[in-house]
Student: 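One structure follows; several queries about it will come next.
Every heavy atom of this structure was used, including side-chain atoms; hydrogens, water molecules and symmetry mates were not. We name chains A, B, ... by the order of the sequence lines, and we start the count at 1 in each one.
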Amino acid sequence: MSDLLSCLNPPQLQAVTLPPVHGLILAGAGSGKTRVLTTRIAWLISTGQVSPHGVLAVTFTNKAAREMQARLAALLPIHPRGLWIGTFHGLCHRMLRAHYQDAALPQAFQILDTADQLALIKRLLKNLGVDDEKYPPKEVMYFINAQKEQGIRAAQVEAFDPYTRRKAELYAEYEAVCQREGGVDFAELLLRCYELLCRNEPLRRHYQQRFRHILVDEFQDTNRLQYAWLKLLAAADQRGAQEAGAALFAVGDDDQSIYAFRGAEVANMREFERHFAAANLIRLEQNYRSQGNILSAANALIQNNRERLGKNLWTDAGEGEPIRVFEGFTDLDEARFVVDEVRALADEEGMARSQMAFLYRSNAQSRVLEHELFSRGIPYRVYGGLRFFERQEIKHALAYLRLMANPDDDTAFLRVVNFPTRGIGARTLENLQATAHQINSSLYNAAASLSGKAGVTVGGFVRLIEQLRRETDGLNLPETVTHVIEISGLAGHYRNEKEGQERLENLDELINASTLFVAEAGEEGNNTANEGEANALLAFLTHASLESGEHQAGEGQEAVQLMSVHAAKGLEFDAVFITGLEQGLFPHENAAQERDGLEEERRLMYVAMTRARKRLYLSYAQSRLLHGQTRYCLPSAFLDEIPPELLKRLTKARPIAPKMPAWSSTMHNNEPPPEEKLPGGLRVGMNVRHAKFGFGVIVESEGEGEQARVQVNFGSAGMKWLALAYARLEPA
DNA sequence: ACAGCGTTAGTTTTT
DNA sequence: CTAACGCTGT
């Protein structure tokens, strides 16, 4: 026991051994957040204050959940069974499966990932004859998800304008289709589970009495619905009602909240503090990761944000090296510099390449860096591409499996009904969809009512699925997957394709994944063996949707790491290069429009800086090729927020880039640009001509130089905002 | 059914 | 500039 607690610093110890009350732990970057979380669980269990049965630990990512599980297994003498550790989605899914009838879901309900959801919405819009210019599928999807994340059902949407009203109608239609097909999207997992617990009192009581301790990781990333779900489970709606419910132990860092754009509410932290934890707010401010200068710089930067809970990181590791700042002429220049530096660090200081990272605000920036690394023969690894379960061949294979588990899954049906091609064209499918609509059934069921030649082809497909179901009856999961890939014709199709080799390998990988899945499920005693194969298949399909697959295998290769700042959260490196530190790029120009957008960008910068252990490089370029055009840039305002004495400028005051237009030289001295004439000699009030919209007059402008946008009244074609960098406007 | 063309948009991301 | 999407013609 003393072992468990002996290596904690005082605030960590205080957090870990907090009595069973609500607590909010403000855990700075590198302050041992995960350690506190896991040690507390271990402490609670090993001191007999709670049985493993009574603990619920919630994370956002599977990775974090796995890490917690692994650390706990190391801390506790026995592997704790009955411990609920998982993601919000994973845990909600678990409850919905257990109580699918109470939740009014079919037993074999399928999880729709983002791609499935979008496909369903597109199909829905088409069937309803909705103009997808006016209602772009993506926007409808964002709308629906945003509502669900607020806990709002279609019927409850407050729509004061016809546009929103229409979207609410589409939301209602979407709900109906999902219900009929047995599809549950990510947000629905949470909302359904929340509603289930709200409405079903015995069930709610059951879980409220069961969980004595609820621990939440990355609390600053929770959205409203997730917070409501936590409060409900903890029976924490009223003050002082804690005897009835669980102690909520929330760990987070408001300064590292970088997901507001997907609904995260930092406000939840303040709310939590106000509501429960005023007396139990603990700050973890000692940082075990970065050296002093890096922390000082990060602290100075983040102090520019308002509305913080407040926190200052410190270290006893010493000041360390200054932060190096590089200014390049162009993005290529910048790339050459960072790659040179990587080589020097590796060759001269013996630093491992895997301990160096290039971070950037947007993924498009990786191109130049990759190109330079490639041409210099330095191994590198880029994060953030397509993930395993999102690949088309994998989704195809899964669609066959899904259809076998749940014939009502029209999304799966449409994905593979004609893949590989079996002569079922758009016409046939139109007829089929009409029939299905008439008899109010799934496409699969409607197939039987189809007559003529179409009936034969579609019937053949249905028979194929039935054949697959029959033939795999009694087979184990990997055998089933193998059989389906072969008999469905997928394997044959890719064997005949020139570029099919890699896809075939991925399909093999899917079989491996299913083997691994069965093995792990058996090991953890998830009694998959006696649940029967149908459930094994269902569980595997769930796994595939909820765990979209590691980015790529081959961790720890001796390669430089390339990723967006978002993707870097939670990681650390000896040397970090933050590239593209230019106004408009980082902070990103679009962030200026959003509420508190700049503050979120600053938090992003804070996250980026605090990834570095020993060395931090900040670099930017005077000009950058963006969207195929040269764009001239100001250094990021964030550079000015770091005390100059912490910085070491590697470039002397350099001449400005060649061919730089006169207007941008003034921009370089941090002077506000003069009242700009718009590029191309345009000006507000001018008459212009546009290739598509015809003649118009500029009524308003915004932004400057390459980023300028103008509002043009085109008369009959209406009022449009156009980016001058894209729109070819000619004076008329 | 599918290749080839033209049009369009162009942050961040996990589940 | 480039990737992705949708439409058209064979």
Side-chain angles (χ1 to χ4, degrees), chain A residues 58-65 86-93 111-118 122 126 132-133 136-138 142 145 148-149 184-190 218 221-223 225-226 257-264 331 359-368 383-387 389-390 418-429 542-551 563-570 580 584-594 597 600-601 603-605 607-608 624-631 691-692 707 722-723 725-727:
Chain A
V58 195
T59 63
F60 273 88
T61 65
N62 293 303
K63 197 177 159 199
T87 62
F88 279 100
H89 295 85
L91 295 166
C92 287
H93 169 262
I111 297 172
L112 305 179
D113 69 14
T114 313
D116 297 329
Q117 189 186 16
L118 188 63
K122 278 184 180 166
K126 194 167 252 172
D132 57 1
E133 292 270 283
K138 275 223 176 78
Y142 294 149
N145 289 339
K148 289 190 180 185
E149 278 162 14
V184 176
D185 63 48
F186 288 133
E188 184 73 23
L189 284 171
L190 293 170
E218 307 280 15
D221 289 337
T222 50
N223 63 34
L225 179 57
Q226 286 159 342
S257 159
I258 55 174
Y259 287 110
F261 71 89
R262 68 173 197 218
D331 47 351
L359 306 186
Y360 33 76
R361 173 67 238 265
S362 58
N363 286 310
Q365 288 167 253
S366 74
R367 263 180 173 288
V368 224
Y383 286 74
L386 251 198
R387 276 162 313 174
F389 287 113
E390 289 166 0
N418 198 31
F419 193 97
T421 48
R422 354 185 125 81
I424 300 170
R427 229 327 149 19
T428 311
L429 287 179
T542 297
H543 170 80
S545 329
L546 283 182
E547 176 124 21
S548 36
E550 291 302 79
H551 288 273
M563 67 193 82
S564 70
V565 180
H566 284 92
K569 192 169 130 182
L585 245 198
F586 196 1
H588 198 276
E589 52 203 328
N590 296 1
Q593 336 294 336
E594 283 153 44
E600 175 138 324
E601 295 291 303
R603 291 193 292 267
L604 208 41
M605 181 67 181
V607 168
R624 176 175 299 271
L625 212 53
L626 210 64
H627 303 338
Q629 281 173 317
T630 305
R631 173 161 133 167
K692 193 165 154 199
Q707 297 156 55
L722 301 166
Y726 307 115

Student: Detail all sub-3.5 Å separations between protein N/O atoms and N/O atoms belonging to nucleotides 3-10 of chain C.
Tutor:
from, atom 1, to, atom 2, distance (Å)
dA3(C), OP1, R367(A), NH2, 2.2

Student: Identify the pairs formed between an N or O of the protein and an N or O of nucleotides 11-13 of chain B at a distance under 3.5 Å, and give each distance.
Tutor:
from, atom 1, to, atom 2, distance (Å)
dT11(B), O4', H588(A), NE2, 3.4
dT11(B), O4, E594(A), OE2, 2.4
dT12(B), OP1, N363(A), N, 2.8
dT12(B), OP1, N363(A), ND2, 3.4
dT12(B), O4', R361(A), NH2, 3.1
dT12(B), O2, R361(A), NH2, 2.4
dT13(B), OP1, S564(A), OG, 2.5
dT13(B), OP2, N363(A), ND2, 3.2

Student: If the condition is salt bridge (charged side-chain N to carboxylate O under 4.0 Å, His left out), which residues does R624(A) pass it with, not counting sequence neighbours?
Tutor: E334(A), E582(A)
Student: Classify the nucleic acid contact of L112(A) as base, sugar-phosphate or nothing, counting any heavy atom under 4.0 Å across all strands shown.
Tutor: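 The residue L112(A) makes no contact with any strand.
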Student: Mind checking the P distance from dA4(C) to dT11(B)? Whole angstroms is fine.
Tutor: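 My reading of the P atoms in dA4(C) and dT11(B) gives 13 Å.
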Student: How would you label the contact of T114(A) with the nucleic acid (heavy atoms, under 4.0 Å): base, sugar-phosphate, or nothing?
Tutor: base
Student: How would you list, by chain and number, every residue that makes a side chain to side chain contact (heavy atoms under 4.5 Å, CB included) with T542(A), sequence neighbours excluded?
Tutor: H93(A), R97(A), I111(A), L546(A)
Student: Any salt bridge linking E589(A) with R631(A)? Criterion: basic side-chain nitrogen under 4.0 Å from a carboxylate oxygen.
Tutor: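 A salt bridge is present here (some side-chain N lies under 4.0 Å from a carboxylate O).
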Student: Please report, rounded to the nearest Å, how far the C1' atom of dT2(C) is from the CD atom of Q629(A).
Tutor: 13 Å
Student: For N62(A), report the nucleic acid contact type (base, sugar-phosphate, nothing); a contact means any heavy atom under 4.0 Å.
Tutor: sugar-phosphate
Student: Go through S362(A) and Q365(A) one step at a time and tell me if the side chain to side chain donor-acceptor pair (under 3.5 Å) criterion holds.
Tutor: CA-CA 6 Å; S362(A) 58; Q365(A) 288 167 253; 3.1 Å; yes
Student: Taking the basic N atoms (NZ, or NE/NH1/NH2) and the acidic carboxylate oxygens, is any pair closer than 4.0 Å for E149(A) and R262(A)?
Tutor: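 No.
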Student: N/O contacts under 3.5 Å, protein versus nucleotides 2-6 of chain B?
Tutor:
none

Student: E594(A): what forms a salt bridge (charged side-chain N to carboxylate O under 4.0 Å, His left out) with it, not counting sequence neighbours?
Tutor: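 By the salt bridge (charged side-chain N to carboxylate O under 4.0 Å, His left out) rule, E594(A) matches no residue at all.
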Student: Pick the P atom in dC5(C) and in dT12(B), then give their distance to the nearest Å.
Tutor: 15 Å
Student: Does D221(A) pair with K569(A) as a salt bridge, N-O distance under 4.0 Å?
Tutor: yes
Student: State whether K148(A) and D185(A) are salt-bridged, where the test is any N-O pair (Lys NZ or Arg NE/NH1/NH2 against Asp/Glu carboxylate O) under 4.0 Å.
Tutor: yes
